[in-house]
Amino acid sequence: MAAPLRAANKGGRGGGRIIRPLVESHFSPPAMQEKYQPNVIEQAAQAHWNATRAFNVAQDASKPPRPKYYCLSMFPYPSGKLHMGHVRNYTIGDVLTRWHKMRGFNVLQPMGWDAFGLPAENAAIQNKVPPAKWTYDNIAYMKQQLQSLGFGLDWERELATCKPEYYKWNQWLFLRMLEKGIAYKKTQVVNWDPVDQTVLANEQVIEGRGWRTGAPVEKREIPGYYLGITQYADELLSALDTLPGWPERVKLMQANWIGKSTGVRFAFPYTLDGEAGKLWVFTTRADTIMGVTFCAVAAEHPLATHAAKNNPELAAFIEECKHGSVMEADLATMEKKGMPTGIFVEHPLTRKQVEVWVGNYVLMSYGDGAVMGVPSHDERDFAFAKKYGLEIKQVISVAGQEFSLDGWQEWYADKQNGVCVNSGKYDGLGYEAAVDAIAADLATKNLGEKKVQFRLRDWGVSRQRYWGCPIPIIHCDVCGSVPVPDDQLPVVLPEDCVPDGSGNPLNKRADFLDCACPKCGKPAKRETDTMDTFVDSSWYYARYGVDAATRTANDQMVDAGTQYWMPVDQYIGGIEHAILHLLYSRFWTKVMRDVGLVKQDEPFANLLTQGMVLNHIFSRRTDKGGIEYFSPEEVELVRNEAGHVTGATLKANGSSIDYGGVGTMSKSKRNGVDPQHLIEQHGADTARFFMMFASPPEQTLEWSDSGVEGAYRFMKRVWAFGHALKNQTTSGEAGGLRREIHLLLKQANYDLGKLQFNTVASACMKMLNALEKAPADPHAKEGFGILLRVLSPIAPHIAHALWIELDYGPDILQAEWPEPLEAALVQDEVELVLQVNGKLRGSIKVKVGADRTAIEAAALAHEMAQKFMEGKSAKKVVVVPGRLVNIVV
RNA sequence: GCCGGGAUGGUGAAAUUGGUAGACACAAGGGACUUAAAAUCCCUCGGCCGCAAGGCUGUACGGGUUCGAUUCCCGUUCCCGGCACCA
């Protein structure tokens with residue numbers, strides 16, 4: 001799929017595959033331009049990297065082998081244009097790539113396209129263009145944008161997930177998962193638009209209504225395939241400890257998401273229409289079991305269905321529950337409603353009758369679809385009981401606290417300090433003892449036991465969408481659901497469909513649908529559901545690693561090349577992927593390991609989660625109740641006295657629209673900023689430098705282009721200094737320049753290790769400031785050489801050009817990364833801050849290695865110390881070596 | 001609502017994460033050069049008091065620990081990300 005490699009933008013060279021030159025190409029125009037011309041030097045540098053195949057890599061054959069470094073940025077969704085978040089993401093990756101390359105690593109940095117997905121179908125509906133064409137056009141444009149930014153990418157490894165040669169292996173591994181019982185079929189709950197007769201994504205539901213039709217959305221249960229990620233829950237949780245290179249916050253979020261909890265699953269027995277049954281529930285608070293005053297079941301629960309048969313009011317309520325949202329955030333914030341079923345179950349320990357309610361907050365898909373109600377010690381149950389006048393019985397007490405029915409208090413739910421009361425034989429027991437005793441008693445009655453439960457749910461992968469990877473199943477009237485045999489893979493998605501919003505167009509494609517049953521040979525139908533696009537992105541990092549031969553033959557999913565490059569040494573991507581994508585990828589790697597495809601347990605050794613790039617969001621309600629978004633260029637801001645944005649008007653007609661605050665740049669909210677203008681105006685180096693300088697990578701960044709000028713000015717100054725240095729013939733006295741440069745280098749190397757690139761950029765600026773102050777210093781040439789190398793990962797084009805111009809060497813990429821010289825850093829005196837009672841009062845200079853007594857004496861003798869001690873004697877003198885002296889009086 | 005993160009000058013930020021708050025830049029103001037503009041260069045730039053020297057104060061807000069807190073602890077507010085079909 002990768003386009004033939006061309007020497008970018010060099011007219012005379014284009015057209016064919018470039019053969020690796022025998023002699024190192026050497027960019028050297030006749031005379032150095034005085035003026036900084038980014039477009040000229042950037043094209044030349046990029047042509048050089050292409051011609052020398054600087055970033056096309058393979059398994060290392062040198063002896064001794066160089067260490068490998070696999071640097072990967074999350075691949076983009078081809079939404080149309082790059083936005084600033086992409087520039088940030090890929091510049092970070094490129095800085096690390098170039099830095100490691102200069103430090104002697106064999107570095108792979110690939111790129112590809114997360115090419116299936118909903119926006120392509122939306123564009124198809126709007127423009128009547130097949131999603132495939134829209135997607136491929138976007139890829140072509142965005143690829144050219146990436147290339148113009150000068151990223152050191154191995155384009156020969158480019159992949160797009162919408163290509164059959166890629167998604168063939170989604171299908172192949174899915175079949176392996178079916179064989180191993182990891183993939184299975186069950187019902188799933190989806191958003192259903194009754195007018196368009198189609199399944200809606202959560203994003204397409206606006207305040208409970210379909211985004212196009214405005215019709216109230218219904219919940220609908222349909223069959224779908226699931227991947228048993230919960231089978232790996234324990235390993236996914238415990239293996240977080242094997243990832244020291246991951247941010248703590250991400251590991252914490254994943255641990256909370258997996259949500260391992262030990263509790264008790266137990267049953268309330270009942271007799272209904274003469275038949276005995278058990279209502280199963282799960283709780284982490286079995287110690288409060290004596291406080292149960294009701295049970296609540298989901299609207300879809302069999303007991304609810306049974307009770308509704310002769311109760312139209314309840315039937316109506318259940319129907320109402322089915323119109324709610326399927327999203328957890330909505331469920332957690334909606335008004336909790338319920339209705340009694342008239343069915344009573346028996347408390348397993350007290351044998352008291354407990355009424356069963358239907359609750360809109362209980363989900364059929366969580367556990368057993370039923371919960372116990374303990375209003376006294378659960379905040380939600382408390383509110384529910386107050387609302388419907390249910391009994392509230394205190395069964396936990398905390399010393400010194402008074403229980404009151406007037407309102408909820410935090411301590412009611414305290415596990416740590418509470419003991420059981422009003423609980424018969426369990427009175428006086430603490431949390432753990434009570435849970436153990438109660439679980440034991442339930443077990444003897446055969447009505448329950450301790451159970452480990454996970455919050456994590458299995459991964460539903462079926463989507464009723466066209467633009468995705470077909471699920472390789474054939475439906476036969478005789479044989480049922482039959483897997484497509486391996487030798488018939490891939491099941492190829494036709495690329496010429498144009499969705500119209502009324503459901504999956506594959507259902508109308510006889511040439512796709514009709515097939516023969518692989519088992520019995522009779523006419524059968526293909527499955528038209530496609531896979532969640534998270535499947536595509538769960539293993540692409542492994543595919544990039546395959547050797548050229550495997551890319552050509554496509555006879556295996558991964559190969560020895562994958563084994564060589566894996567795991568990814570540095571993965572870089574937005575914090576928004578902290579849970580889903582990263583967890584699915586970890587799961588997928590473990591499945592591939594268990595199928596024998598890879599040896600690694602984990603895909604990503606080190607993770608950098610970059611902060612989001614935010615921009616203003618402007619929207620307006622449509623007459624159908626949907627939302628349309630406006631890009632920031634289309635609007636005029638309205639501000640209050642404090643200068644804060646409060647609203648906006650459309651430039652086109654002055655009509656006022658809604659201001660939605662700031663949010664992450666996205667296609668759907670139309671608030672992305674295209675970097676193209678910036679690149680054309682100031683060049684790729686300025687865009688990259690500005691992006692790195694703006695803030696540390698992990699921090700959220702509100703977009704503003706103020707500061708771009710400063711980055712551009714810096715590039716011009718670097719160029720001008722290089723030009724002057726080249727023509728300089730005389731040299732003067734040595735001053736402090738060398739020490740200053742090496743100190744800044746030490747700082748920059750330290751910051752690079754911390755992945756804090758904004759201060760690396762400012763170290764470059766400080767180096768130039770120092771050089772400009774001492775241009776005739778005999779160490780200016782050495783210093784400028786250090787500056788160019790430190791700058792080169794961030795602004796590689798200008799560094800490349802000046803490195804050659806000033807004759808430092810043929811190729812800065814081949815240069816060694818600079819290390820500070822200890823000899824250049826030594827000094828014989830240090831300055832210590834002088835404080836009196838913690839307040840800054842001056843400074844003292846002492847010899848390096850001066851002892852404590854000497855420092856104390858110097859400090860106490862200082863004029864300012866005398867003044868602020870006001871004649872009192874020092875109670876204590878704190879000396880922090882190399883930093884400060886604090887006199888406490 | 002739950003989970004995670006954040007808040008420092010007019011703005012982006014720095015402070016080797018318990019030791020000089022505001023490095024490096026942007027914007028603004030003043031000046032030099034120029035017929036003029038652009039570009040470039042120099043100076044000022046948290047707040048309050050002061051002619052100045054200098055002093056007080058200041059890292060979202062309220063407490064606490066410490067000789068010393070942007071950094072650690074407790075509480076509050078606001079903002080951002082995620083919440084399983086946006087990717």
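Since the model is a prediction, treat every value here as computed from it, not as a measurement. Chain letters run A, B, ... following the sequence lines, proteins first, then strands; residues in each count from 1. Below, all heavy atoms of this structure are taken into account, side chains as well, without hydrogens, waters or symmetry copies.
Among the heavy atoms of the strands lying under 4.0 Å from A:L614 are primed sugar atoms or P, OP1, OP2 only; no base atom is included. Within 4.0 Å of A:H581, counting heavy atoms only, lies no atom of the nucleic acid at all. In this structure, A:L118 reaches the sugar-phosphate backbone alone: every heavy-atom distance under 4.0 Å involves primed, P, OP1 or OP2 atoms, never a base. Backbone-only engagement by A:Q756 is indicated by non-hydrogen atom pairs under 4.0 Å involving sugar-phosphate atoms exclusively. Residue A:G663 is in sugar-phosphate contact alone, with no base atom involved, counting any heavy-atom pair closer than 4.0 Å across all strands shown. Among the protein residues, A:M327 comes within range of the sugar-phosphate backbone only, with heavy atoms under 4.0 Å from sugar or phosphate atoms but none that close to a base. Heavy atoms of A:V708 sit nowhere under 4.0 angstrom from any nucleic acid atom. If you check every strand for non-hydrogen atoms under 4.0 Å, A:S668 touches nothing. If you check every strand for non-hydrogen atoms under 4.0 Å, A:V190 touches a base.
Take A:S261 and apply the side chain to side chain donor-acceptor pair (under 3.5 Å) test, not counting sequence neighbours, and it matches no residue. Partners of A:D705 according to the side chain to side chain donor-acceptor pair (under 3.5 Å) rule, which considers only residues two or more places apart in sequence or in another chain, do not exist here. Under the side chain to side chain donor-acceptor pair (under 3.5 Å) criterion, A:D378 pairs with no residue at all, not counting sequence neighbours. Evaluation of the side chain to side chain donor-acceptor pair (under 3.5 Å) rule for A:E527 yields A:H475 as partners, not counting sequence neighbours. Here A:E335 pairs with A:K387 under the salt bridge (charged side-chain N to carboxylate O under 4.0 Å, His left out) rule; sequence neighbours left out.
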Any protein N or O atoms within reach of nucleotides 56-61 of chain B? Criterion: under 3.5 Å, listing atom names and distances.
{"residue": "B:rC56", "atom": "OP1", "partner": "A:R841", "partner atom": "NH2", "Å": "3.4"}
{"residue": "B:rC56", "atom": "OP2", "partner": "A:R841", "partner atom": "NH1", "Å": "3.4"}
{"residue": "B:rU57", "atom": "OP2", "partner": "A:K839", "partner atom": "NZ", "Å": "3.1"}

Under 3.5 Å, which protein N or O atoms sit close to an N or O of nucleotides 3-13 of chain B? Give each pair with its distance.
{"residue": "B:rC3", "atom": "O3'", "partner": "A:N256", "partner atom": "ND2", "Å": "2.8"}
{"residue": "B:rC3", "atom": "O2'", "partner": "A:N256", "partner atom": "ND2", "Å": "3.0"}
{"residue": "B:rG12", "atom": "O2'", "partner": "A:A694", "partner atom": "O", "Å": "2.4"}
{"residue": "B:rA13", "atom": "OP1", "partner": "A:Q699", "partner atom": "NE2", "Å": "3.0"}
{"residue": "B:rA13", "atom": "O3'", "partner": "A:N758", "partner atom": "ND2", "Å": "3.3"}

Measure all distances between protein nitrogen or oxygen atoms and nitrogen or oxygen atoms of nucleotides 37-44 of chain B, and list the pairs falling under 3.5 Å.
none

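On the P atoms, B:rC48 is 15 Å away from B:rU11, given to the nearest whole Å. Here, B:rU34 and B:rU59 have their C1' atoms 44 Å apart, quoted to the whole Å. The same atom, C1', is picked in B:rC67 and in B:rG62; the two are 24 Å apart, to the nearest Å. Nucleotides B:rC72 and B:rG19 place their P atoms 11 Å apart, quoted to the nearest Å. Comparing the P positions of B:rU71 and B:rG18 gives a spacing of 11 Å, expressed to the nearest Å. Spacing of P atoms, B:rU20 relative to B:rA38, comes out at 41 Å, to the nearest Å. Between B:rA69 and B:rG58, the two C1' atoms lie 14 Å apart (nearest whole Å). Comparing the P positions of B:rA32 and B:rG12 gives a spacing of 33 Å, expressed to the nearest Å.
A:D114 and A:Y77 make their closest contact through O-CD1, 2.9 Å (heavy atoms, listed as atom of the first residue, atom of the second, distance). Scanning all heavy atoms of the two residues, the minimum distance from A:P470 to A:Y167 falls at CD-CE1, 4.0 Å.
Aromatic rings of A:W539 and A:Y166 (six-membered ring for Trp) have centroids within the 6.0 Å cut-off, being under it.
Applying the salt bridge (charged side-chain N to carboxylate O under 4.0 Å, His left out) rule to pairs touching residues 707-718 of chain A yields A:R717-A:E772, sequence neighbours excluded.
Listed pair A:R457 / B:rA84 fails the phosphate criterion, with no side-chain N or O lying under 4.0 Å from OP1 or OP2.
A cation-pi geometry, defined here as NZ or CZ lying under 6.0 Å from the six-membered ring centre and within 45° of its normal, holds between A:R841 and A:F868. In this structure, A:K186 is positioned above the aromatic face of A:Y226, its NZ or CZ under 6.0 Å from the six-membered ring centre and within 45° of the axis.
Taking a pair as Watson-Crick or G-U with both hydrogen-bonding distances under 3.5 Å, the stems of three or more pairs touching RNA chain B are B:1-7 with B:77-83, B:10-12 with B:24-26, B:28-32 with B:40-44, B:46-49 with B:54-57, B:60-64 with B:72-76.
Each of A:G710 and A:V880 has a nearest nucleotide on RNA chain B; the 5'-most of these lies closest to A:V880. Heavy-atom distances to RNA chain B give each of A:N769 and A:S462 a nearest nucleotide, and the one nearer the 5′ end belongs to A:N769.
Checking A:S704 against A:S706 by side-chain atom types alone, a donor-acceptor pair falls below 3.5 Å. With no hydrogens or angles considered, a side-chain donor-acceptor pair links A:Q409 and A:Y412 at under 3.5 Å. With hydrogens and angles left out, the side-chain atoms of A:Q254 and A:R586 include a donor and acceptor closer than 3.5 Å.
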For this session: Check step by step if ring pair (Phe, Tyr, Trp, His ring centres under 6.0 Å) holds for A:Y571 and A:Y541.
Result: CA-CA 10 Å; A:Y571 197 35; A:Y541 49 87; 7.1 Å; no

For this session: Classify every nucleotide of nucleotides 65-74 of chain B by which part a protein heavy atom approaches to under 4.0 Å, writing B for the base, S for the sugar-phosphate alone and - for neither, in 5'-to-3' order.
Result: --B-------

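Ring orientation note: the planes of A:H581 and A:Y540 are tilted relative to one another, at an angle of 30° to 60°.
In this structure, CH2 of A:W211 is placed 11 Å from C1' of B:rC86, rounded to the nearest angstrom. Remark: C1' of B:rA14 and CG of A:D751 are 10 Å apart, rounded to the nearest angstrom.
Counting distance only, with no hydrogens placed and no angle test, the side-chain atoms of A:Q464 and the base atoms of B:rC85 include a donor-acceptor pair under 3.5 Å.
In this structure, B:rG4 is classed as anti because its glycosidic torsion departs from zero by more than 90°.
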Could you give the side-chain donor-acceptor pairs of residues 694-702 of chain A under 3.5 Å, partners two or more places apart or in another chain?
{"residue": "A:S695", "atom": "OG", "partner": "A:R88", "partner atom": "NH2", "Å": "2.9"}
{"residue": "A:E698", "atom": "OE2", "partner": "A:T609", "partner atom": "OG1", "Å": "3.4"}

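Atom NE2 of A:H86 sits about 4.0 Å away from atom NE2 of A:H83, to the nearest 0.5 Å.
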